[in-house]
Protein chains: 2
Amino acid sequence: MGASVTSRALAILGAFDGEHRALSLTDLAHRAGLPLATAHRLVGELHRWGALAREANGDYVIGRRIWQLGLLAPVQSGLRQAASPFLHDLYGTTLATVHLAVRDGLEVLYVERLAGHVSVPVVSRVGSRLPMHSTGVGKVLLAYAPEDVRMEALKALTRITAYTITQPARLLEQLKRVRAEGYATTGEEMSLGACSVAVPVRNGDSVVAALGMVVPDLRRQLPRLVSALQVAAHGIGRTLAGAPSVQWK
Amino acid sequence: MGASVTSRALAILGAFDGEHRALSLTDLAHRAGLPLATAHRLVGELHRWGALAREANGDYVIGRRIWQLGLLAPVQSGLRQAASPFLHDLYGTTLATVHLAVRDGLEVLYVERLAGHVSVPVVSRVGSRLPMHSTGVGKVLLAYAPEDVRMEALKALTRITAYTITQPARLLEQLKRVRAEGYATTGEEMSLGACSVAVPVRNGDSVVAALGMVVPDLRRQLPRLVSALQVAAHGIGRTLAGAPSVQWK
DNA sequence: ACGCCCCCTTCCACTCAGCGGAAGTAGATT
DNA sequence: AATCTACTTCCGCTGAGTGGAAGGGGGCGT
């Protein structure tokens, strides 16, 4: 097993997730699979450096230093910053929840999400992952993913709602249409009452991200939304290409 | 010296900063003060875990996993999310660059920054730090900081522009007025051509952050800006207090 | 084409940092 | 006062980590 000190320290950091943002030393040791004394020493070191911080009640949380480091990640500093103003424009003109996502392995990783004060109950969260076959941005990313990734992803089409596509052949058919038409849609495949549209974001020739929005109903306004999305995606692509900053994938 | 494995691994992460977002193994070893072979092994472990990623050219960058962890930090998940919609409103009504910041030690840490397509040349960046005595948000945070922090901060008033306040007595005088009037201003004290206003954000009785904006000129519209800021700050405070989510300080 | 240089990767025997069971401390709870 | 839970400290044994050195490999100048 992970016997190296480094892997143990990382196991401690890995013990935090969306449902566990604050953990006591004992919990931390337990979740990381470490003896209490060992966890105590490592946690102390991480805390001293600023990777962990303590709350008023003594629980540990992820520290500001990790947060700051995260801001240096290419996904954040390149893509997200390029996209930010365009997302605001999109939100301003449509008032729908807007998403920017990348593919990470066989999942969709949400990089940015914009919603108003009263956010529609949408599942996604910045930094969270969702399956690719049941989301608009996921279908786009899958459509433009390398062949082997696509095949791998087709093997596990888990059902989420009654409308989720679980037949590989049907999904492949849709992905083909996505490539032909340049956008993807979903209808209550991820959560009931929510439809989505998404388009690819390109940097040069390669698709580097997907831009999507979630709305209660698509039928009437689909063309308008698609064209708004495409304008924004194109703008982001141009910013990425022209940016003198760091490469990001 | 930092001889523990953990501190060495952290030193590698710490080698990244705003000016060094992508580093080769050799640079990394050099900046972290480690022998190449040692750095190689540690970097490999960090990379395998996802703390580091590699770019096309082989350079290492901060990985997505660290970015995701950072999103769990209280500063991000509590404060930032509570503030986000209010910042958008503020930006929408004023079109000025808007800032949310907290105090970290003797410096101001920028937690959120909102600007339009054409951003005025503002020094701050999300995740960056600036001195407290030369920024609007800094003055607010200093005004409401514990006595010992304030005294410590007064010892090092470094000059940045010709208008930077470097006399402790004068700054103290201003901080007193900040507490009395509920807002702080600066006039070209951080960078020429930029003025700022800022107000405290409260959670219950304690000041937990500062909300500010940067504009080319203050004179005419000061009252309007201050009241817009105060409305937003109040809204953020209410959201924080009422939020069922994690505590964040 | 050849050799040079720079950067990365692998190896291996020594040794000291890290390990973790156990004992100690501090609060809360009964 | 006794009991429990959660955290902190101690210390001698040991194998994980170390890092100098040697082994690729690819880009560049001549």
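Everything numeric in this text was worked out from a predicted model, so none of it was measured.
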Taking 4.0 angstrom as the limit, do Asp104(A) and Arg65(B) come out as a salt bridge?
-> no
Asn57(A) CG to dA26(C) P, in whole Å, measures 21 Å
Rounded to whole angstrom units, what separation is found between the CD atom of Glu55(B) and the P atom of dC7(C)?
-> 17 Å
Taking NE2 from His47(B) and C1' from dT9(C), how many angstroms apart are they, rounded to a whole number?
-> 15 Å
note: Leu25(B), atom CG; dG24(D), atom C1'; distance rounded to Å ~ 15 Å
Decide yes or no on side chain to side chain donor-acceptor pair (under 3.5 Å) for Asp17(A) and His20(A), but give the supporting numbers first.
-> CA-CA 5 Å; Asp17(A) 64 33; His20(A) 303 85; 3.0 Å; yes
Give a yes or no on whether a salt bridge exists between Asp59(B) and Arg54(B), defined as a side-chain N under 4.0 angstrom from a carboxylate O.
-> no
In terms of side-chain heavy atoms, does Ser77(A) have a donor or acceptor partner in Arg21(B) at a distance below 3.5 Å?
-> yes
Of Val5(A) and Thr26(A), the one whose nearest nucleotide on DNA chain D sits closer to the 5' end is Thr26(A)
Interatomic distance where CG belongs to Asp27(B) and P belongs to dC7(C) [whole Å] | 8 Å
Do you know which two heavy atoms are closest between Thr239(A) and Ala82(A), and how far apart they sit?
-> CG2-CB, 3.7 Å
Would you say His47(B) has more than 12 foreign heavy atoms packed within less than 6.0 Å of its NE2?
-> yes
Computed from five pairs at either end and rounded to 10 degrees, the angle between the axes of the helix from dC8(C)-dG23(D) to dT30(C)-dA1(D) is 50°
For Thr158(A), does its backbone N or O pair with a side-chain atom of His133(A) as donor and acceptor, under 3.5 Å?
-> yes
What residues in residues 36-44 of chain B put a non-hydrogen atom under 4.0 Å from any atom of DNA chain D?
-> Ala37(B), Thr38(B), Arg41(B)
Can a salt bridge be assigned to the pair Arg150(A) and Glu147(A) using a cut-off of 4.0 Å between side-chain N and carboxylate O?
-> yes
Please give, in whole Å, the distance from dC7(C) C1' to Leu23(B) CG?
-> 14 Å
Arg8(A) side-chain N/O to dA16(D) phosphate OP1/OP2 under 4.0 Å | no
Heavy-atom closest pair, residues Ile66(B) and Gly70(A) = CG2-N, 3.9 Å
Atom-pair distance (OH on Tyr60(A); P on dA6(D)), nearest Å | 14 Å
CD of Glu45(A) versus P of dT9(D): gap in Å, rounded?
-> 14 Å
